[in-house]
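We name chains A, B, ... by the order of the sequence lines, and we start the count at 1 in each one. Note that the coordinates shown come from a computational prediction; the quantities given were computed from them, not determined experimentally.
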2 protein chains.
Amino acid sequence: MRRMTARPANAHQARLLRLLRDGGPNSRAQLGDQVDLSRSKLAVEVDRLLETELVVADGLAASRGGRRSHNIRLNPHLRLLGVDIGATSVDVAVTNAELEILGHINQPMDVRDGPVAVFEQVLAMAAKLRASGLAEGFDGAGIGVPGPVRFPEGIPVAPPIMPGWDGFPVREALSQDLGCPVMVDNDVNLMAMGEQHAGVARTVPDFLCVKIGTGIGCGIVVGGEVYRGTTGSAGDIGHIQAVPDGRPCACGNRGCLEAHFSGAALARDALEAAQQRLSAELASRLEANGTLSAADVAAAAAAGDATAIDLIREGGSRTGQVIAGLVSFFNPGLVVIGGGVTGLGHTLLAAIRTQVYRQSLPLATGNLPIVLGELGPTAGVIGAARLISDHLFSPA
Amino acid sequence: MRRMTARPANAHQARLLRLLRDGGPNSRAQLGDQVDLSRSKLAVEVDRLLETELVVADGLAASRGGRRSHNIRLNPHLRLLGVDIGATSVDVAVTNAELEILGHINQPMDVRDGPVAVFEQVLAMAAKLRASGLAEGFDGAGIGVPGPVRFPEGIPVAPPIMPGWDGFPVREALSQDLGCPVMVDNDVNLMAMGEQHAGVARTVPDFLCVKIGTGIGCGIVVGGEVYRGTTGSAGDIGHIQAVPDGRPCACGNRGCLEAHFSGAALARDALEAAQQRLSAELASRLEANGTLSAADVAAAAAAGDATAIDLIREGGSRTGQVIAGLVSFFNPGLVVIGGGVTGLGHTLLAAIRTQVYRQSLPLATGNLPIVLGELGPTAGVIGAARLISDHLFSPA
DNA sequence: CCCCTTTGTCCTGTGAGTGGAAAAAGTAGG
DNA sequence: CCTACTTTTTCCACTCACAGGACAAAGGGG
């Protein structure tokens with residue numbers, strides 16, 4: 001199938017496309033209720049969109065008391081690719097233009113193998129999804145990488161955990177390989193966009209999305225838009241000092257949040273606890289697997305292991321302390337906690353909440369929900385699809 | 001003189017008014033270079049603005065090689081009132097529509113006397129400025145208060161250092177008394193707007209403006225717009241924990257930045273040092289005045305007093321620590337330090353810089369200027385004038 | 001005094017957009 | 001089945017914003 005390269009011709013069309021993306025199939029009349037255009041103008045723009053084949057007719061809607069209306073919807077053949085590159089695994093998913101996931105693959109991977117090897121794997125995964133009949137091609141792709149990105153160009157800059165990626169033209173290279181438009185962003189920003197589109201943050205204009213995985217990052221949404229900072233490194237909270245003169249961190253400083261709590265730090269702490277025989281549960285897991293990960297700590301905590309629970313509490317408390325500062329500064333309407341360690345669940349959440357509510361002023365925390373992300377591992381890929389759809393659904 | 005109540009009729013007119021405000025008198029041709037409108041359209045809108053008397057003709061401009069153009073400028077009779085209410089003093093200034101200060105009064109005051117008493121004083125100061133021939137009336141007024149504000153309504157909310165102000169309808173009350181439109185905002189936000197309009201931040205879209213006065217606050221500018229947060233308390237960084245288990249703070253927590261460094265804390269520390277005879281300089285000043293303030297510490301430091309310099313260094317270091325975290329999080333393009341204690345000057349700035357550059361990642365700090373504000377005590381009133389002019393120069 | 005450049009005004013054509021009228025397609029009730 | 005009332009959709013005439021060319025006005029330089 002020939003891919004659609006059409007783009008909306010004006011802001012009205014872009015607006016309509018986004019409404020259809022976020023609200024699903026809709027009648028002209030319902031669209032009219034939302035856009036403040038005259039019926040005639042609306043009809044004209046819809047007709048033009050139908051001509052571009054970006055939207056198609058979709059049968060009759062239920063009656064609202066009078067004549068039944070003709071529904072229209074985004075072309076169901078449109079396909080977006082969402083790629084979420086983590087430190088140790090990749091998620092690749094195919095969505096339709098309404099950002100519903102049609103297929104999703106997760107595979108282990110190591111970013112440190114460099115962009116060439118990683119994208120080889122990603123392209124293979126995309127080909128696999130295509131081969132399974134979910135898509136005949138892609139109309140656009142969103143890519144998340146675990147480090148700062150110079151957003152307009154789609155190029156990682158000075159990514160600490162991704163040696164070999166600095167300056168690699170991700171956007172251009174993938175656009176070539178996939179033959180479609182590509183946008184690149186920090187994985188945390190994509191998680192925030194995912195939760196904004198389909199998760200807990202649907203109605204909140206200003207919120208923070210803290211992702212605790214191998215590292216720690218924070219997506220910042222201001223007025224419904226992701227804020228990326230001057231050099232694209234906004235939200236890089238892993239290296240905020242959480243413990244004065246604390247543990248040495250890979251970045252050269254001491255006491256960074258990431259050095260005290262993150263997937264990697266947690267695994268290290270668990271290993272130590274197991275070796276020192278502080279926890280039978282962890283020790284037996286170490287013996288069984290030969291290694292320990294954050295997931296083991298989660299499992300041990302779920303089994304009631306006191307040491308594991310303490311580790312999570314301690315880490316949650318550190319994280320909460322940093323978040324408390326950010327809440328005072330940013331005064332968000334919502335804080336979302338997500339990432340690999342959400343398996344730690346409510347123990348972690350409780351520790352974070354305690355610390356934030358204790359340390360921030362009532363005006364900022366009075367009506368501040370702190371919640372776990374709703375989407376889990378799909379937040380990133382949904383966010384990626386949303387990123388590229390925002391690009392496609394903007395005036396050419 | 002009758003006050004102008006006209007407002008721009010559309011976005012084009014608003015745009016033109018702002019260009020004239022920020023760029024001073026301009027010819028139609030020069031305006032045309034900046035706004036991307038056809039000459040005819042531009043002429044129409046300018047004519048309409050001339051009709052409203054918001055702008056007036058202003059003679060001929062120099063030739064650019066051909067026919068000389070007729071300049072236009074904002075009506076020089078327009079008068080804006082800028083009010084900056086601090087914890088212990090008020091600044092009131094009159095500006096023209098180009099936000100140039102025509103007259104400026106500063107008086108000591110105590111916010112804790114409550115809004116009624118304070119506004120009585122402010123109105124008297126405004127009357128004094130008017131009586132001196134600077135204005136026959138005001139076309140608008142901007143008010144800064146030292147606490148969080150529910151911005152749309154212009155009402156302070158839960159201000160810690162302003163008991164009695166909570167819920168007081170500042171905007172409405174003053175609008176009545178002055179007979180002109182009024183906008184109210186946090187004093188720190190106004191300082192940021194001031195530095196953005198006429199100070200060091202003219203060209204930077206994303207920056208932080210840290211004001212260290214009686215308390216500590218931070219103005220946040222995102223994409224050229226002040227960010228106020230969900231409840232209007234964004235930038236309230238005085239109660240971020242800077243010292244674990246540190247000094248008790250009035251807010252009920254321990255180790256808040258404000259408890260360790262601010263005008264009030266500095267005065268307390270100086271008093272203690274003087275009483276313990278750690279510093280002859282401070283002791284003699286205490287004897288002379290019966291009390292000590294941040295200004296005394298500044299003077300002592302300037303005179304080379306080691307204890308005073310240490311106090312400033314210590315405080316700057318604490319502040320720098322908190323700012324370092326904010327820089328990692330927000331990745332601004334500039335950090336401006338301002339407020340009453342800028343008298344502490346480069347000793348303070350050096351301490352802050354050292355800490356920030358040491359603790360934040362290179363990508364965020366690599367090209368990050370940290371500078372003192374340019375405008376000193378006029379930043380607040382200029383920002384206040386700018387606030388109301390933004391309001392007046394927006395489509396009705 | 002002539003030619004070139006810039007500025008400002010006038011005028012007309014085009015296209016966007018509005019809002020009313022009427023047709024089309026329903027539902028509900030008798 | 002017919003009628004009255006809704007809602008949706010199309011059609012059309014009218015307004016208005018705006019662009020852009022032609023032209024006049026004003027100045028500089030040779």
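The listed nucleotides are dT8(D), dA16(C), dG17(C); the one nearest the side chain of Ala29(A) is dT8(D). Ranking dT9(D), dG21(D), dG27(D) by closeness to the Arg39(B) side chain, first place goes to dG21(D).
Using a 3.5 Å distance cut-off with no hydrogens or angles, the side chains of Asn71(B) and Gln30(B) do not pair a donor with an acceptor. Between Asn75(A) and His77(A), the side chains place a donor N or O and an acceptor N or O closer than 3.5 Å (distance only, hydrogens not considered).
Residue-to-nucleotide proximity on DNA chain C shows that, of Asn10(A) and Leu60(A), the 5′-proximal contact is made by Asn10(A).
Across all non-hydrogen atoms, the minimal contact from Asn26(A) to Gln34(A) is ND2-NE2, 4.0 Å.
Here dA25(C) presents its C1' atom at 15 Å from CZ of Arg28(A), a figure rounded to the nearest Å. To the nearest angstrom, P of dG19(C) lies 10 Å from CG of Asp36(A). Across the protein-nucleic acid pair, Gln30(B) atom CD and dG8(C) atom P stand 10 Å apart, rounded to whole Å. A straight line from NZ of Lys41(B) to C1' of dC10(C) spans 16 Å, rounded to a whole angstrom. In this structure, Arg68(B) atom CZ and dG29(D) atom P are separated by 13 Å, rounded to whole Å. Atom CG in Asp47(A) sits roughly 7 Å away from atom P in dT10(D) (whole-Å rounding). Leu50(A) places its CG atom 10 Å from the P atom of dT10(D), with the value rounded to the nearest Å. In this entry the distance linking NE2 of His70(B) with C1' of dT6(C) reads 12 Å, nearest Å.
Distance alone, capped at 3.5 Å, is enough to place a donor-acceptor pair between the Arg18(B) side chain and the Phe393(B) backbone.
Between Ser69(B) and dT7(C), a side-chain N or O to OP1/OP2 separation shorter than 4.0 Å is absent. A sub-4.0 Å separation between OP1 or OP2 of dC18(D) and a side-chain N or O of His12(B) is present.
For Ser40(A) and dG19(C), a side-chain-to-base donor-acceptor distance below 3.5 Å is present, hydrogens and geometry of angles not being considered. Side-chain atoms of Arg67(A) stay outside donor-acceptor range of the base of dT7(D), with no qualifying N/O pair under 3.5 Å.
With Glu98(B) as reference, Arg73(B) is the one residue of Arg386(B), Arg73(B), Arg21(B) to meet the salt bridge (charged side-chain N to carboxylate O under 4.0 Å, His left out) rule.
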